[in-house]
Structures are given as structure tokens and as C-alpha cells.
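To start, the structure under review is shown below, and the notes come after it.
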Amino acid sequence: MTVREFLSDRLSRMVLQLICAGLAALFLFATGTPSGILAILFLVLLLIFISAQLFDFFRQRAYFRELKAILDGLDRKYLFMECAPRPKGLYERQLFHLARQAGQAMTGAVSDAQALQREYREYVERWVHEIKAPITATRLICRNLDGDVRRKLMAELAQIEAHIERALFYARAENPEQDCLFQQVNLENIAAQAIEHHRSLLIQSGIRVETEGLTGAVYTDEKWTVFILGQLLQNAARYRGMEPVITLSAKPLGKQMQLILSDNGIGIPAHELPRVFDRGFTGSNGRKRGDSTGMGLYLCKKLASFLELDLRIVSKEGEGTTVTLTFPTKENLTKV
């Protein structure tokens with residue numbers, strides 16, 4: 001709160017007080033009060049008036065600063081009214097009481113929403129674990145089929161598992177810190193796991209995967225990073241071109257390390273690149289194929305932000321796409 005704001009808020013009250021003081025002075029002058037006494041009385045009243053306004057200004061400013069400090073220190077801002085000190089004035093106390101009631105109602109609503117979200121996440125996790133049993137049984141049944149039918153069914157099962165995995169990670173993405181463990185991981189292990197998880201899709205799509213220089217180590221959560229890389233592999237397989245090749249390589253960047261995935265697929269139109277991480281955005285290529293949900297890259301960006309990874313995409317339509325993951329150093333991680 002500035003002096004200008006304070007004076008602007010109290011301008012009408014001050015004008016009224018000055019008018020009353022002027023009328024009182026005119027009355028005293030009309031009744032024969034000497035002008036010298038009136039001058040002294042006016043100066044005394046003016047000093048009292050200014051002192052009272054200054055006292056009120058500094059008191060309110062200190063109170064507002066205290067409130068702001070409390071608000072800035074809270075992780076859950078909606079609990080502000082529970083932590084704010086009670087004001088002294090009657091009018092302010094009434095407003096404070098109403099605001100606290102509103103805050104308590106909102107806190108209850110937030111708690112209910114969090115409980116529903118937690119129940120939804122637990123249900124999705126249980127469903128994912130339960131659905132794995134019939135998928136495993138189906139895989140066993142496929143072993144008794146001939147080669148071509150078996151390969152097609154295995155590829156479709158791999159797609160089902162990819163969708164299930166995406167649903168699971170989407171449910172967990174709201175609170176990833178509850179299922180996260182930062183540790184040193186070799187890039188080669190991350191790449192190998194992601195490729196293995198999507199081996200059926202890559203084989204069915206006729207994609208050759210090449211790796212170059214994946215000898216470095218990074219500090220991250222292995223499971224979440226494998227998921228991100230897996231989504232990128234799925235996108236490269238879905239939007240492949242003729243004689244598709246995916247290249248995974250590593251590149252040191254000072255103390256940081258970059259993991260680069262490049263493909264020679266159909267690419268992304270330039271005007272769509274700024275929106276590829278938007279939730280539900282499928283783009284012209286996704287609409288043509290009809291099998292895109294627009295959630296893969298959205299999840300990648302969201303999880304990369306939590307892992308403090310810098311995720312960037314460069315693409316040229318008709319030539320291919322390059323995705324770069326830049327891993328932070330252990331010293332720069334804020335979540336460790």
C-alpha cells in the first residue's frame with residue numbers, strides 16, 4: 001500500500017473532516033474568539049489530524065505486509081484465511097469472519113476433490129494391474145497360432161499395453177513426486193528399456209533403430225524417463241516414412257547431457273510445431289491417420305517439466321523430426 005493509495009481511499013473522509021473544522025472555525029470566529037487563539041487551535045488540530053493519519057497509514061501498511069508475507073510463505077494459498085491474524089476493527093473483523101467461512105468452504109471442496117482424484121488414481125492403478133492378466137493370457141494363446149497371425153496379434157497387444165501404460169502414467173502425472181526416485185542412470189539402459197518395451201511395434205512397423213554414443217550417465221528418475229522416451233518412439237513409429245530409421249544418440253553439453261532421438265519420418269508442419277505439446281492436440285497428420293489421442297507429447301512435456309528436463313522438438317515436413325532431451329546436473333536439480 002502506497003501513500004497515494006491510502007490518501008485516495010480516504011479522500012472523501014478527509015474532505016468532510018476539513019469542512020467540519022472550517023465550519024467550527026467560522027462559528028468560533030463569529031462568537032468573538034480571537035484570531036490568534038483560532039490559529040493556535042487550528043495548528044494543534046492539524047498536527048493531531050496528520051499524526052492520526054500517519055499512524056493509521058503505517059499501521060495498515062505493516063498489517064498488509066504481514067498478510068503478504070504469510071501468503072507468500074504458504075504452499076497452499078487457499079489456507080491463507082486460516083493463518084491470517086485477526087484484525088482489530090469491528091468492520092474488518094466482520095469481513096474477516098465472512099472470508100474465513102468462505103475459505104473453509106473452499107478448503108472442504110479442495111479436500112473432496114483431492115480425495116476423488118486419489119480414488120481415481122487408485123482405481124486406474126488397480127485396473128491396470130488387473131488388465132495385465134488377460135493380456136498375458138492372450139499372449140500365451142498367440143504362441144499356438146501361425147507366424148503371420150501371431151505377429152499381427154502381438155503388435156495389437158503391444159498397442160493395447162501402450163495405451164494402458166499411458167493411462168497409468170496420466171493418472172500418476174498429477175502427483176509424480178509420490179512415485180519418483182532420482183538416481184544416476186546410464187543412457188544406454190534407458191534407451192534399451194524403451195526399445196524393448198516397444199519392440200513389437202518397431203518390428204511390425206519395419207523400423208531400424210540405431211544407437212550412437214550412449215555411454216553417458218544422467219541423474220533422473222529411470223521409470224519416468226523410459227516412459228517419455230517410449231512415447232517418442234511410438235510417435236516416430238506412427239508417423240514413419242519410407243525405409244524408416246530411428247537414431248538415438250547422446251551429446252555432452254558442458255556438465256549436462258543431451259539424449260537426441262531423430263527419425264526420417266513424415267515430419268510436422270511448421271505452423272503446428274508450437275502446439276504439439278498442447279493437451280489433446282493431434283495435428284493434421286494425427287487426424288489423417290485417425291489413431292492419435294493428442295496425449296503422448298502432452299504427458300512427455302508435463303513429466304519432463306517435473307523431472308527438470310528440457311524437451312525440444314525440431315521438425316521439417318517430409319524430412320523428419322528431432323527431439324532433444326537435455327538432462328540437468330545433479331547440483332542443479334531442485335527436487336533432490
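Values below: every heavy atom of this structure, side chains too, minus hydrogens, waters and symmetry copies.
Phe281 CZ to Met295 CE: the interatomic distance, rounded to the nearest 0.5 Å, is 14.5 Å. One finds the OG1 atom of Thr322 at 10.5 Å from the CG atom of Asn264 (value rounded to the nearest 0.5 Å). Atom CE of Met257 sits about 11.5 Å away from atom NZ of Lys251, to the nearest 0.5 Å. Here the CD-SG distance, from Gln234 to Cys300, works out to 9.0 Å after rounding to the nearest 0.5 Å. Between Leu201 atom CG and Arg199 atom CZ the span is 12.0 Å, to the nearest 0.5 Å. Annotation: the span from Arg126 atom CZ to Tyr123 atom OH amounts to 8.5 Å, rounded to 0.5 Å.
Under a hydrophobic clustering in which Ile, Leu, Val, Met, Phe, Trp and Tyr are joined whenever their side-chain heavy atoms come within less than 4.5 Å, directly or via other members, Val314 and Leu297 fall into different clusters. Cluster membership for Ile207 and Ile260, using ILVMFWY side-chain heavy atoms within less than 4.5 angstrom, is not shared. Criterion: ILVMFWY side-chain heavy atoms under 4.5 Å apart, direct or through other members. Under it, Leu157 and Ile141 are not part of a common hydrophobic cluster. Under the 4.5 Å side-chain contact rule for hydrophobic residues, Phe96 and Phe64 share a cluster.
At distances below 3.5 Å, not a single donor-acceptor pair connects side-chain atoms of Ser305 with backbone N or O atoms of Lys301. Although no hydrogens or angles enter the test, the distance criterion places no donor-acceptor pair under 3.5 Å between the side chain of Asp310 and the main chain of Thr326. Thr329 contributes no side-chain N or O that, together with a main-chain N or O of Lys255, makes up a donor-acceptor pair within less than 3.5 Å. Side-chain N or O atoms of Asn186 include none that pairs as donor or acceptor with a backbone N or O of Glu188 at under 3.5 Å.
Here the closest non-hydrogen pair linking Leu229 and Ala191 is CD2-CA, 3.7 Å. In this structure, Pro328 and Gln256 approach most closely via the heavy-atom pair CA-NE2, 4.0 Å. Residues Pro244 and Ser205 share a closest heavy-atom pair of CG-O, 3.9 Å. Minimum interatomic distance between Thr220 and Val185 (heavy atoms only, all atoms of both residues): O-CG2, 4.0 Å. For the pair Asp221 and Phe182, the tightest heavy-atom approach, listed with the atom from each and the gap, is N-CD2, 4.0 Å. Closest of all the heavy-atom pairs between Ser315 and Gly320 is OG-O, 3.1 Å.
None of Phe49, Phe55, Phe57 except one satisfies the side-chain contact (heavy atoms from CB on, under 4.5 Å) rule with Gln53; the exception is Phe49.
The closest side-chain heavy-atom distance from Tyr298 to Val276 is not below 4.5 Å. Annotation: side chain of Ile228 is in contact with side chain of Leu325 (closest heavy-atom distance under 4.5 Å). Under the 4.5 Å side-chain criterion, counting only non-hydrogen atoms from C-beta, Thr211 is not in contact with Ser249. With a 4.5 Å cut-off on side-chain heavy atoms, Leu261 and Thr247 do not count as touching. Taking the side chain as every heavy atom from C-beta outward, Ile160 and Ile135 approach each other to under 4.5 Å. Looking only at side-chain heavy atoms (C-beta outward), Leu248 and Leu187 stay at 4.5 Å or farther from each other. With a 4.5 Å cut-off on side-chain heavy atoms, Val323 and Arg312 do not count as touching. In this structure the side chain of Ile246 never reaches within 4.5 angstrom of the side chain of Ile195, judged on heavy atoms.
In this structure, Glu66 does not pair ionically with Lys68, as no charged nitrogen and carboxylate oxygen lie closer than 4.0 Å.
No more than 12 heavy atoms of other residues, nucleotides or ligands sit less than 6.0 Å from atom CD of Glu243.
Hydrophobic clustering, defined by side-chain heavy atoms of Ile, Leu, Val, Met, Phe, Trp and Tyr closer than 4.5 Å, leaves Leu181 isolated from every other such residue.
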List, one per line, each side-chain donor-acceptor pair under 3.5 Å for residues 266-275, sequence neighbours excluded.
residue	atom	partner	partner atom	Å
Glu272	OE1	Ser284	N	3.4
Glu272	OE2	Ser284	N	3.0
Glu272	OE2	Ser284	OG	3.0

